[in-house]
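Structure record follows, encoded as structure tokens.
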Amino acid sequence: MVSISRSKKSLRQKWSKKCEPALLGSTVAAIHRRGKWLLLELDRGPFLMVHLGMTGQFTVVQPGTPKEDHTHFVFLLDNRSELRFRDIRRFGSITYFPDRAGWEGYLADRLGPEPWDLAAQDWQAELAKSKRSLKALLLDQTNIAGVGNIYADESCFAARIDPQRTGQSLDAEEGLRLLQSIREVLDRAIHYRGSSIRNYVGGSGLRGGFQDEFAAYGRTGKPCIKCETPIKCVRLAGRSTHFCPQCQT
DNA sequence: GGTATTCCCTGCGGGC
DNA sequence: TGCCCGCAGGGAATAC
């Protein structure tokens with residue numbers, strides 16, 4: 001990394017120019033993921049924590065490639081190519097941490113366990129104490145990391161559970177079924193490289209394919225793939241929520 | 001303390 | 001054709 005430029009329109013979190021000298025000359029040693037956060041580990045010790053928000057994307061382009069609108073950061077690399085961060089809606093963020101303890105402390109307060117690491121008894125305990133809707137519970141990253149609106153809807157559909165129900169209304173079998181469905185839905189979404197509703201593309205510039213597999217999300221009024229009852233849409237936790245009123249009880 | 005709602009932000013699509 | 005408005009959703013802030 002030999003230079004950094006950024007747009008005048010900042011992202012959600014303020015970027016301090018003071019950190020930039022610490023980044024220059026660094027090499028990205030490793031890339032990690034926690035929930036929806038990406039962590040770029042630099043060889044000199046600092047970390048860049050990135051959230052893509054809704055429309056954030058990284059691309060590597062050759063020098064001289066015209067800069068698209070909403071390109072907020074450009075990292076000039078040793079081979080003269082550019083690592084660009086573009087985010088149309090500016091819901092994304094890039095945060096600098098001088099060391100590992102910084103981001104670990106930050107995320108410790110904001111992120112629960114990964115779905116694959118979440119012990120069944122801990123999940124059951126979380127459900128049992130919550131009077132919130134399942135939808136709100138799934139979107140709350142402190143309960144379970146990495147589930148967004150689309151995957152919350154698809155997970156509830158796969159588990160055949162109404163997202164309007166409260167956490168504590170689920171019995172043990174239903175709770176386990178939901179956890180298993182979350183894992184399966186996320187595994188499938190990763191296999192398909194995510195969901196491209198409008199803007200999303202992966203780092204290679206390819207669109208995801210999971211949007212073609214949706215059973216509930218975005219299918220308001222269309223027949224359920226299992227029982228042909230029209231898919232219903234309600235608003236929960238401030239988000240549109242799609243479910244089959246027949247299959248999901 | 002727990003829960004619900006609002007805000008930011010921009011592009012797209014529908015209605016007029 | 002062009003304008004206006006509502007909708008989409010991530011986390012944070014605010015309200016209840």
Side-chain angles (χ1 to χ4, degrees), chain A residues 6-15 33-39 48-58 67-73 84-97 102-103 105-112 114-115 125-157 163-170 182 185-186 189 194-202 207-208 210-211 214 216-222 231-243:
Chain A
R6 60 197 174 100
S7 70
K8 290 181 180 176
K9 287 184 176 180
S10 64
L11 299 170
R12 270 188 302 140
Q13 293 183 334
K14 291 181 180 176
W15 174 266
R33 181 196 62 79
R34 270 289 282 132
K36 301 175 187 176
W37 299 89
L38 294 175
L39 292 148
L48 289 179
M49 190 175 73
V50 179
H51 198 300
L52 299 178
M54 284 293 298
T55 51
Q57 56 186 250
F58 273 115
K67 194 154 70 177
E68 294 181 284
D69 288 343
H70 313 295
T71 299
H72 300 292
F73 278 86
R84 294 181 179 176
F85 181 74
R86 182 172 183 246
D87 185 8
I88 295 171
R89 292 188 199 173
R90 283 192 273 162
F91 280 11
S93 65
I94 300 181
T95 311
Y96 169 85
F97 289 101
W103 68 260
Y106 182 88
L107 291 186
D109 298 332
R110 293 169 172 80
L111 269 192
E114 300 287 324
E126 203 62 53
L127 291 172
K129 70 181 183 187
S130 177
K131 294 178 181 176
R132 286 195 289 174
S133 68
L134 283 178
K135 182 60 177 275
L137 207 146
L138 290 175
L139 292 180
D140 185 344
Q141 302 296 297
T142 63
N143 293 323
I144 185 167
V147 180
N149 195 43
I150 292 172
Y151 303 117
D153 283 5
E154 292 299 314
S155 297
C156 286
F157 181 88
Q164 299 172 105
R165 287 176 61 184
T166 62
Q168 60 183 202
S169 76
L170 268 62
I182 293 166
V185 164
L186 290 179
S195 309
S196 292
I197 306 297
R198 284 181 182 169
N199 312 89
Y200 170 77
V201 294
R207 286 170 57 83
F210 193 61
Q211 68 281 359
F214 289 165
Y217 179 83
R219 299 193 67 250
T220 307
K222 294 181 179 174
I231 295 292
K232 195 174 174 183
C233 181
V234 296
R235 200 151 184 91
L236 286 174
R239 302 286 179 261
S240 58
T241 302
H242 311 77
F243 67 101

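In terms of polar N and O atoms assigned as donor or acceptor, the side chain of A:Arg239 comes within less than 3.5 Å of the base of C:dG11 in a complementary pairing. No N or O donor and acceptor, one from the side chain of A:Arg132 and one from the base of B:dA4, sit under 3.5 Å apart.
In this structure, CZ in A:Arg132 is found 11.5 Å from OG1 in A:Thr166, a value given to the nearest 0.5 Å.
A donor-acceptor pair under 3.5 Å is absent between the side-chain atoms of A:Asp153 and the main chain of A:Tyr217, judged by distance alone. Here the side chain of A:Glu114 pairs a donor or acceptor atom with the backbone of A:Gly35 at under 3.5 angstrom.
Computed from coordinates, the A:Met54 CE to C:dG11 P distance equals 11 Å when rounded to whole Å. Distance A:Lys135 NZ to C:dA8 P: 10 Å, rounded to the nearest Å. The CG atom of A:Asn143 sits 12 Å away from the P atom of C:dG11 (whole-angstrom rounding). To the nearest angstrom, C1' of C:dG10 lies 15 Å from CZ of A:Arg90. The interatomic distance linking A:Met49 (CE) with C:dA12 (C1') rounds to 13 Å, in whole Å. Atom CD of A:Glu126 and atom P of B:dT3 are 9 Å apart (whole Å). Computed from coordinates, the A:Asn149 CG to C:dG10 C1' distance equals 10 Å when rounded to whole Å. Per the geometry, CG belonging to A:Asp69 stands 16 Å off C1' belonging to B:dC12, to the nearest Å.
Dashed line: the shortest gap from a side-chain N or O of A:Arg89 to OP1 or OP2 of C:dG11 is not under 4.0 Å. Under 4.0 angstrom from either OP1 or OP2 of B:dG11 there lies at least one side-chain N or O belonging to A:His70. Contact annotation: A:Tyr106 side-chain N/O to C:dA12 OP1/OP2 distance is under 4.0 Å.
Taking A:Gln141 as the reference, nothing meets the side chain to side chain donor-acceptor pair (under 3.5 Å) condition, with sequence neighbours excluded.
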Check against side chain to side chain contact (heavy atoms under 4.5 Å, CB included), A:Ser130 and A:Asn143 = CA-CA 10 Å; A:Ser130 177; A:Asn143 293 323; over 6 Å; no
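The nucleotide whose nearest atom lies closest to any side-chain atom of A:Arg110 is, among C:dA8, B:dG11, C:dA12, C:dA12. Here the side chain of A:Lys131 is nearest to one of B:dA4, B:dC9, B:dT3, namely B:dT3. Listed candidates were C:dA8, C:dG10, B:dT3. Nearest to the side chain of A:His51 is C:dG10. Of all nucleotides listed (C:dA8, C:dG11, B:dT3), C:dG11 comes nearest to the side chain of A:Lys36.
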